[in-house]
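Since the model is a prediction, treat every value here as computed from it, not as a measurement.
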Amino acid sequence: MTEYLPSLLGGMLIGLSASILLLLNGRIAGISGIVGRLAQGYHVATNALFVAGLMLGPLVYGLVAGRPPASTITASWPLLIGAGLLVGVGTRMGSGCTSGHGVLGLARLSPRSGVAVATFLAAGIATVSLMRAIAS
């Protein structure tokens, strides 16, 4: 049970921060939208603080837990950069990302978010299956 505690707490903090942003600012906590608004110069302070909080999260976790969060990245930098660019283009085309559609959209019972999340999952499953088939 304790192995799932960090994930549970992380999920609760994501929900809490998304709820606070929605209740206090009336904004959806979609990361692609926040970064897009920050890049365009809208609500710079709020958006910059949210992004800074995301980037500082692992450091805070390390201070609280006494060790950095466990993660292993085996992909190359060009693959990571290419994948990041494709995700960015996809989130703009889909009018949102997994956080906006998946966390808040589904919680608000948005049909558009349900379709978007189903599409994200299907694309992820297809991509992993294809990559594994190519690698083997």
(request) Keeping the roles fixed (side chain from Asn47, backbone from Val35), state whether a donor-acceptor pair exists under 3.5 Å. (result) no

(message) Within this structure, what is the OG-CE distance for the pair Ser7 and Met12, rounded to the nearest 0.5 Å?
(response) 12.5 Å

(request) Look only at the side chain of Thr127 and the backbone of Ala123, and say whether a donor-acceptor pair between them is shorter than 3.5 Å. (result) yes

(message) Return the CG to OG1 distance between Leu8 and Thr2, rounded to the nearest 0.5 Å.
(response) 12.0 Å

(request) Give the minimum heavy-atom separation between Ser113 and Gly105, together with the two atoms involved. (result) OG-CA, 3.2 Å

(request) Look up atom OG1 in Thr74 and atom CG in Leu79, then write down how far apart they are to the nearest 0.5 Å. (result) 9.0 Å

(request) Keeping the roles fixed (side chain from Thr46, backbone from His43), state whether a donor-acceptor pair exists under 3.5 Å. (result) no

(request) State, to 0.1 Å, how close Leu38 and Ala48 come at their nearest heavy-atom pair, and which atoms those are. (result) CD1-N, 3.9 Å

(message) Rounded to the nearest 0.5 Å, what separates atom CD1 in Ile31 from atom CG in Leu54?
(response) 4.5 Å

(message) Would you say Ile73 ends up clustered with Trp77 if hydrophobic residues are merged whenever their side chains have heavy atoms under 4.5 Å apart, either directly or through other cluster members?
(response) yes

(message) If you compare all heavy atoms of Leu106 against all heavy atoms of Gly114, which two are closest, and at what distance to 0.1 Å?
(response) CD2-CA, 3.7 Å

(request) Indicate the atoms forming the closest heavy-atom contact of Pro58 with Pro69, along with that distance. (result) O-CD, 3.7 Å

(request) Nearest 0.5 Å please: distance from the OH atom of Tyr61 over to the CG atom of Leu13. (result) 12.0 Å

(message) According to a hydrophobic-cluster definition based on side-chain heavy atoms being under 4.5 Å apart (Ile, Leu, Val, Met, Phe, Trp, Tyr only), do Leu130 and Ile125 belong together?
(response) no

(message) So Ile34 and Val51, do their side chains get closer than 4.5 Å, heavy atoms only?
(response) yes

(message) Between Leu16 and Leu24, is there shared hydrophobic-cluster membership here, with clusters defined by ILVMFWY side-chain heavy atoms closer than 4.5 Å?
(response) yes

(message) Return the CG to CG distance between Leu49 and Leu21, rounded to the nearest 0.5 Å.
(response) 11.0 Å

(request) Verify the cluster assignment for Phe120 and Leu85: are they in a single hydrophobic cluster under the rule of side-chain heavy atoms below 4.5 Å apart? (result) no

